[in-house]
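First up is the structure itself, then whatever we jot down about it.
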Amino acid sequence: MIRITGGKIFDPANGINGQVRDLCIDGGKFVSSVIGGRTIDAAGMIIFPGGVDVHTHVAGGSINFARAMTPEDHRRTTAFIRTQSRRSGLGGMAPTTFATGYLYAGMGWTTVNEAAVPVLSARHTHEEMRDIPILDKTSCVLMANNEIFLDLLEAGEFERAKDVIAWHVWAAKAYGVKAVNPGGVAAWKWGKDAKQLTDPIEGYNSITPGTIIGRLAQIIDELGLPHPMHLHCNNLGAPGNVWTTLETMKLLEGRRAHIAHLQYHAYGGDDWDTMRSASAEVAEYFNTHTNMTTDAGAVLFGDTVTITADGPWQHLLYKLTGRKWGNLDVENETGCGIVPYTYRPSNLVNSIQWAVGLELLLLINDPWRIFLSTDHPNGACFWRYPEIIQLLMSYDFRKDCMTKLSPIARERITLPDIDREYTLYEIATITSAGPARALGLTQKGSLGIGADADVVIYEEEKDIAKMFSHPRYVLKGGEVVIEDGDIRATPEGREFIVKPSFDPEIESFLKPKFEDVYTMSFENYPVEMERLEHADIRECINGQAPSPPRTAEKEPDRADEGVEF
Amino acid sequence: MTCTLGEVKNRADFIVYWGGNPAECHPRHFTKYTLMQKSKFLPRGRKDRTMILVDIRETKSGGAADIFLQIRPGKDFEVLTILRAILKGQHVNSSIVAETGLTLEQMTDFIDRAKKARFGCMFFGMGLSMTRGKHMNSAALLTLAAELNAFTKFVAMPMRGHGNVTGADVIMRWQTGFPFGITFNRGYPRYNPGEFSTVDVLVRGDTDAALILGADPGATMPQPAIDHLARIPTIVLDPKVTHTSRLARVHITTSVAGISAPGTAYRMDEIPLPLKPALKSPYPTDEEVVRRINEAVARKPHWMPADGPMTIMQH
């Protein structure tokens, strides 16, 4: 039992903006009152619900490939020394599993969504997630380039395709469905790509990326999955790709969708020399279409390693940079590419990318529909989120940073003209309440009675990045995990998974097809329940799509004066 | 650039084995994953694929090859570099070609076939990665595969073996960031093959105890390493009597993974396969033994001070 007294509460899920209230915790949840137990004096401090990352890459074959590819980074980064209660590990561009848990929790994040899991190696992903302490996890399984699924779409067998998706989600013990460069990754198996929605897909006759996107969004809505289709659009990273993105958004009208790392999909111009920001066009469309949520995929200058299931894009990036390139195609299902990368303010393209991420966060006016992400580790490592929060909350700081950009870059972006500054209430929305809602995790992102007691307590101070990097306390499930800059406890996390309904007969349809294209036996393919640690299963109601994303009500007036940031 | 074995099974019409002998070392490899399989894209199976074997001598795998390229020992790096030059249309000095044991025609033919393939795959074995040039040879082959992607789809994959070595590698990577050659002597993982690899630590005599799991270094390591294992308290967990168990202070007999013990094995393409035991064993599993050792250690007073340093910057 814990009582937290005197703190200023920022809890957008319950419309609380800086009021001083006590929080009571018992049995890992918020309750109305407790008697006895520990009291944490949070007088003058700022209290947020624990952070929720809607899109990150922390576990599985691809990030583990990236770890292998970057030993030079491991030896210059922060090292976690083993203590009595804590395992050793390394931070950096692709942190080790234990360090991932410590770093996220150390910053106040308590739930993460691993955004790209191939079914074939889902067992590996779950084993890694077990080794990420403190955090609760969800995962999205890659389906948009699964050839058995694509064959069914080509044959027009929609109902069966739906069963196939549901079966795979359960086989992978996943929480949602991710679509990466639909059709493009399948074409990459022959060294090709599919950039536009109407492009033919190598190896198929009738279907296009547009067909896959439309059908998959419909299937996910009809299966009643709590998280909508998690879409990495076609034509990522290319100048002029704003048209592909807008076409995709139009196609999705009337459907729920989460558009991942929007920054990489909002470029104008015709080539690398004429590239410019197109965030204004994207934001304008997005603002008027409330069926979608998105995350920023923001970029910060510095070293990182890029990881994506978008194999063809990574091959292009390798050709552009001449740096190390890893590629890992997964039979029948998907691919993955890895290229270490340095974003530089002296580089025109990188400057535009840096600005576009911030512009989208500032131009999209509804914090309930755009969330903080860097598409870790693609745009920057997750442990740099406090730097982005500072950029969002301070126009002056943004202006200072923009002096590093070249005059040409400044002409190609709209960031200098945007003077919006985020409030703490909005930061709590884009880092916790919003992503929790988009994931359909009703017990997360809230400080209300009955919600999971995941809490961050910050000491208010003028240096925003410092304040958000070093919370005074972090509680996970009612347990104090971080206190005064020290890791106090490393409880195991939970995994949320869904069980959509499907016709069990689908197995007899799948088995022969499976044995044709795979190299393991069908019986060994689904992940066994006992592989998961503390699984929390959600049933889905077939045919009943959860409601579309909540949109912002007017922000309530802030109850206190607060520090001038 | 690599892929899972199913991609090779389904798509690869051009397969190269370099410095490996799968016919004898990976006996099910040709039939299950590569040469003999038919697929949607390669309906005639073996007839739709071309296989080139590159090695310093003819092995049993040669019988399965369409083309055998016999190169001089230690000339792998040179051959790979010449192939890359041919790929880029650069002039190659004939005296350099003569040293390799191959002709320019043979190498040009290799590149022509590779470029014409729809999906090419190169497998490489210890004949490439553990001979003169070592990791530079592997790097040259991987670079060639990467550069071939400018023309067609091309991947490469090491032929790994020895039980679940890939699994050990995968887990060490997610827990420490490194696959092998790791030391924890400063309280956090550091990596330096050639310094912290098991064989180097043993040869230098830097370790005062050894726990050996699923390996038989007594059969494969150099004599000074074996001598040191015999000197120090060595504990072996193994279902069978091995060279190492004979010189060990303690040998705990364990059940056999996959036959009488469950678990997970990572295939050479890093796909995890569940192991389902068919038989019961009177012996404990490796996992159980290690867990019980851990529990016994936990009952003793902790050897570490209660509040050590948290994190450090390494430079």
Side-chain angles (χ1 to χ4, degrees), chain A residues 59 61 63-65 67-68 70-71 74-84 86-92 94-99 120-121 123-124 127-128 131 188-192 203 315 318-319 325-332 335 337 485-487 516-520 524 528 531, chain B residues 1-11 32-33 37-41 118-119 142 146 149-155 169-171 173-179 184 186-192 264 266-267 269-274 276 302 304-315:
Chain A
I63 187 84
N64 216 27
F65 199 147
R67 291 182 187 116
T70 55
H74 301 334
R75 63 188 301 149
R76 67 179 179 206
T77 187
T78 312
F80 285 81
I81 294 176
R82 189 194 159 178
T83 68
Q84 281 197 18
R86 208 190 55 224
R87 307 278 297 257
S88 66
L90 298 171
T96 59
T97 49
F98 306 121
L120 188 61
S121 59
R123 187 174 277 111
H124 172 176
E127 289 194 338
E128 264 196 51
D131 272 354
W188 171 242
K189 300 290 177 68
W190 296 122
K192 306 284 195 301
H315 180 233
Y318 156 70
K319 286 196 287 187
W325 172 43
N327 179 78
L328 174 62
D329 290 335
V330 179
E331 60 208 54
N332 191 60
D486 201 353
I487 299 165
D516 244 16
V517 289
Y518 282 87
T519 48
M520 75 195 281
N524 284 339
E528 311 84 340
R531 297 264 170 184
Chain B
M1 52 317 312
T2 188
C3 63
T4 63
L5 285 166
E7 285 294 295
V8 181
K9 166 184 149 174
N10 295 337
R11 294 171 204 268
K32 256 192 111 171
Y33 302 120
Q37 288 279 342
K38 291 178 181 169
S39 79
K40 180 165 108 182
F41 308 116
R118 280 196 82 195
F119 187 113
L142 293 169
N149 276 278
F151 301 92
T152 186
K153 179 79 186 179
F154 226 94
V155 299
D169 194 294
V170 165
I171 293 176
R173 252 154 54 204
W174 86 53
Q175 295 198 343
T176 73
F178 306 116
F184 292 94
R186 286 189 191 162
Y188 62 91
R190 289 185 304 144
Y191 172 66
N192 199 12
T264 311
Y266 280 74
R267 207 165 66 182
D269 56 356
E270 300 195 355
I271 295 302
L273 300 172
K276 296 171 182 169
H302 210 287
M304 208 176 245
D307 40 358
M310 295 288 297
T311 57
I312 58 154
M313 291 306 291
Q314 292 179 69
H315 51 88

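Every chain is numbered from 1 and lettered A, B, ... according to where its sequence line falls, protein lines coming before strand lines.
Of the listed residues (B:Pro274, B:Gly187, B:Gly177), the one with the most heavy-atom contacts under 4.5 Å to chain A is B:Pro274. The most heavy-atom pairs under 4.5 Å with chain A, out of B:Arg186, B:Gln37, B:Lys276, come from B:Lys276. Of all the listed residues (B:Thr264, B:Asp269, B:Leu273), the one sharing the greatest number of non-hydrogen pairs under 4.5 Å with chain A is B:Thr264. When the candidates A:Asn332, A:Asp131, A:Asp516 are compared by the number of heavy-atom contacts under 4.5 Å with chain B, A:Asp131 comes out ahead. Among A:Arg67, A:Lys192, A:Arg531, A:Met520, the residue making the largest number of heavy-atom pairs under 4.5 Å with chain B is A:Arg67. For the set B:Tyr266, B:Phe119, B:Tyr33, the count of heavy-atom pairs under 4.5 angstrom toward chain A peaks at B:Tyr266. Of the listed residues (A:Tyr318, A:Phe65, A:Trp188), the one with the most heavy-atom contacts under 4.5 Å to chain B is A:Trp188. Among the candidates A:Ser88, A:Ala99, A:Gly61, A:Gly337, the residue making the largest number of heavy-atom pairs closer than 4.5 Å to chain B is A:Ser88.
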Please determine whether side-chain contact (heavy atoms from CB on, under 4.5 Å) holds for the pair B:Tyr191 and A:His74, giving the CA-CA distance in whole Å, both sets of side-chain angles, and the decisive distance to 0.1 Å.
CA-CA 9 Å; B:Tyr191 172 66; A:His74 301 334; over 6 Å; no

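When heavy atoms are compared at a cutoff of 4.5 Å, B:Phe151 does not approach chain A at all. Contacts between A:His315 and chain B at a heavy-atom distance below 4.5 Å involve the side chain alone, from C-beta outward. Heavy-atom distances place the side chain of B:Phe184, and not its backbone, under 4.5 Å from chain A. Both the backbone and the side chain of B:Val170 have a heavy atom closer than 4.5 Å to some heavy atom of chain A. With a 4.5 angstrom heavy-atom cutoff, A:Glu528 touches chain B only via side-chain atoms. Looking at B:Ser39, neither its backbone nor its side chain comes within 4.5 Å of chain A, counting heavy atoms on both sides. Of the atoms belonging to A:Lys189, heavy atoms from both backbone and side chain fall under 4.5 Å from chain B. Residue contact with chain A, scored on non-hydrogen atoms closer than 4.5 Å, is absent for B:Pro179. Both the backbone and the side chain of B:Asn149 come within less than 4.5 Å of a heavy atom of chain A.
Taking 4.5 Å as the limit, some side-chain heavy atom of A:Leu120 sits within range of a side-chain heavy atom of B:Ile271. Between A:Thr97 and A:Glu127, every side-chain heavy-atom pair lies at or beyond the 4.5 Å cut-off.
The two atoms that bring A:Arg82 and A:Arg86 nearest to each other are CG-O, 3.3 Å, heavy atoms only. The two residues A:Ile63 and A:Ala94 have their closest heavy-atom pair at CD1-CB, 3.9 Å. Minimum heavy-atom separation, B:Arg173 to A:Asn64: NE-O, 3.1 Å.
Inspection of the A:Arg87 and A:Thr96 side chains reveals no N or O donor paired with an N or O acceptor under 3.5 Å. Side-chain contact of A:Glu331 with B:Asn10: a donor-acceptor pair under 3.5 Å is absent, judged by distance alone.
Shown are B:Arg267, B:Lys9, B:Glu7; of these, the side-chain hydrogen bond (donor to acceptor under 3.5 Å, both in side chains) with A:Thr519 is made only by B:Arg267.
Judged by the 6.0 Å distance and 45° axis criteria, B:Arg11 is positioned over the aromatic ring of A:Trp190.
With A:Thr78 contributing its side chain and A:Gly91 its backbone, the two residues share no donor-acceptor pair below 3.5 Å.
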